[in-house]
Protein chains: 2
Amino acid sequence: MPTASDQKLWTRTRQAVYAEITQTAMDLFLERGFEATTIDDIAAAAGISRRSFFRYFGTKEDIVLGDLAAQGELIRKELEARPAAEDAWTALLNALRHAPRLGQDDATMLKISKMLYRTPSLRARSIEKHLHWQALLTPEIRRRLGVALNDEHDLRADAIVACMLTCLDVAGEAWTRSDGRQSLEDLVVSAVTAVRGSAPDA
Amino acid sequence: MPTASDQKLWTRTRQAVYAEITQTAMDLFLERGFEATTIDDIAAAAGISRRSFFRYFGTKEDIVLGDLAAQGELIRKELEARPAAEDAWTALLNALRHAPRLGQDDATMLKISKMLYRTPSLRARSIEKHLHWQALLTPEIRRRLGVALNDEHDLRADAIVACMLTCLDVAGEAWTRSDGRQSLEDLVVSAVTAVRGSAPDA
DNA sequence: CGACTGTCTGGCACTCAGTGCCAGCCAGTC
DNA sequence: GACTGGCTGGCACTGAGTGCCAGACAGTCG
């Protein structure tokens, strides 16, 4: 297990290459569009072979969405750390709020978001990632609702988590449409309020 | 414009071929799995060329999900016909409830559902279709909420519609997991109740 | 009847994503 | 200096999806 941050040379090199592919590819995506950029383009620009590219990323979409998988874990940890007094919705909302956003400045994030919401294959993949988050977060919500572990048929937790993430998605789209003028946090709260009929606790 | 149901010979032939491809492909999917069935297999079994297949279906997923696009329209019509007294959630729920389900017997539907929830590419496409439904249904919900037409930034209707469809999805998954033992309708109501904190009107 | 038009069809060649296989390179180890 | 193990590039392949073209054929007009 890796105790020191700089482990083997191998590992460090690999991380450096990973970061460079990401950066190079993102530049190309933002310049000429996601679909118009082929993997050959990326590999050539990054100075690696096509074959090696696929050893770093399983799909082209993973370049853009790779971080989302890791972020799911962060949200789960954050959710489990929320005080027991918070109800399911409040705990979820606060977990999303406090989970560290990894990445870029706002202007770049906005560009990436626009690309994400406009490109069908990216949108589909991002929703798949949300499904993954859903699976990660549901157990903790089940625990908070007091659902018995052996109760396979209680879908309340699934519904709540899924709708929370849907609200996040709707808010994200609105944020993108507004060119980032409204805060994403406020938009998520608006969405949740609209759905639940009343505002959640701060 | 087509007034009689049996228009030109062209049209009728085309519909017949369409139906036959669908049936043939479905048989193959249920027999050996979606991903394990190639388009060449389908074309060969249906007695058409590979190239012609793509004149009937844009993608392999469309064979399974083709009807969903048409169903969105039916739901929209149903929604617009709901009495004005019903609030947004109730109207949506009733619209989904009353929209005619086109297709197969229950046992086949269950098999298709299982395939759908297990195959990533199919799941992703079906969620894309839900996004399309969302776009269709949101205007009517905006109208019911009294949102001004020029108000671009009100995301309440989007949130409500999106979460309703998410509930449908969660319920569909639970229905599949339960091997169809619980009624889909009850499951949707359970999901909505869990999310909203109280049961909607019947 | 024959010419014409529009739509469907199959076949070919192509792009692009993604995978399996193999041979070579090179850091770290004994 | 030989050995191991992870990484690399190159090659060939499958499978989805598209563009193009030539031929078949129903329906129409003269």
Side-chain angles (χ1 to χ4, degrees), chain A residues 1-4 6-22 24-25 28-29 32-66 115 119-126 128, chain B residues 1-4 6-22 24-25 28-29 32-66 115 119-126 128:
Chain A
M1 58 180 290
T3 51
D6 53 349
Q7 191 72 346
K8 298 280 187 184
L9 179 67
W10 282 126
T11 315
R12 272 181 292 144
T13 315
R14 194 176 163 81
Q15 285 171 348
V17 173
Y18 185 96
E20 195 181 319
I21 298 175
T22 306
T24 309
L28 287 176
F29 290 159
R32 62 174 93 157
F34 181 80
E35 284 169 328
T37 308
T38 71
I39 294 191
D40 291 274
D41 295 337
I42 299 168
I48 57 169
S49 76
R50 189 187 141 63
R51 192 63 190 84
S52 284
F53 170 86
F54 283 110
R55 295 202 178 91
Y56 287 90
F57 297 93
T59 68
K60 200 166 76 164
E61 287 79 18
D62 283 346
I63 305 172
V64 183
L65 301 173
M115 184 170 78
T119 312
S121 69
L122 274 176
R123 186 74 195 273
R125 289 273 180 175
S126 90
E128 271 186 74
Chain B
M1 60 180 287
T3 49
D6 54 348
Q7 191 71 348
K8 298 281 187 184
L9 179 65
W10 281 127
T11 315
R12 271 182 293 141
T13 316
R14 196 179 162 78
Q15 284 169 348
V17 173
Y18 184 96
E20 196 182 320
I21 298 176
T22 306
T24 310
L28 287 176
F29 290 158
R32 63 174 94 159
F34 181 80
E35 285 169 326
T37 308
T38 71
I39 294 190
D40 291 274
D41 295 337
I42 300 168
I48 57 168
S49 75
R50 187 187 143 65
R51 192 64 190 84
S52 283
F53 170 86
F54 282 110
R55 293 200 179 91
Y56 286 90
F57 297 93
T59 68
K60 200 167 75 165
E61 287 79 18
D62 283 346
I63 305 172
V64 183
L65 300 172
M115 184 170 78
T119 314
S121 70
L122 275 176
R123 185 75 195 273
R125 288 274 181 176
S126 91
E128 269 187 75

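For clarity, every value in this text was computed on a predicted model and none was experimentally measured. The basis for the numbers below is simple: all heavy atoms, side chains too, and nothing from hydrogens, waters or symmetry mates.
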Atom pair distance, as rounded to whole Å: CG in B/Asp40 and P in D/dC13: 17 Å
B/Thr59, nearest nucleotide to its side chain (from D/dG17, C/dG18, D/dG9): D/dG17
Proximal nucleotide (of C/dG11, C/dA17, D/dG17) relative to the A/Thr38 side chain: C/dA17
Exercise: identify the closest heavy-atom pair between A/Phe53 and A/Ile39: CD2-CG2, 3.5 Å
Non-hydrogen atoms of A/Ala25 and A/Ile42 that approach each other most closely: CB-CG2, 3.8 Å
Donor-acceptor side-chain pairing of A/Ser121 and A/Glu61 below 3.5 angstrom: yes
Atom-pair distance (CZ on A/Phe54; P on C/dG18), nearest Å: 5 Å
D/dG6 base / A/Arg55 side chain donor-acceptor hit below 3.5 Å: no
Whole-Å gap separating C1' (D/dA26) and CZ (B/Arg14): 15 Å
Whole-Å gap separating C1' (D/dT18) and CD1 (B/Ile39): 12 Å
Distance, rounded to the nearest Å, where A/Tyr18 contributes OH and D/dC7 contributes P: 14 Å
Between P of D/dG17 and CZ of B/Arg125, the distance in whole Å: 7 Å
Interatomic distance, A/Asp41 CG vs C/dT15 C1' [rounded to whole Å]: 12 Å
Donor-acceptor pair (no angle test) under 3.5 Å: A/Arg51 side chain, C/dG18 base: no
A/Asp41/A/Arg32 under side chain to side chain contact (heavy atoms under 4.5 Å, CB included): CA gap, chis, key distance, verdict: CA-CA 11 Å; A/Asp41 295 337; A/Arg32 62 174 93 157; 3.1 Å; yes
A/Tyr56 vs D/dT8: side-chain N/O to OP1/OP2 distance below 4.0 Å: yes
Separation of atom NZ in B/Lys60 from atom C1' in C/dA17, rounded to whole Å: 14 Å
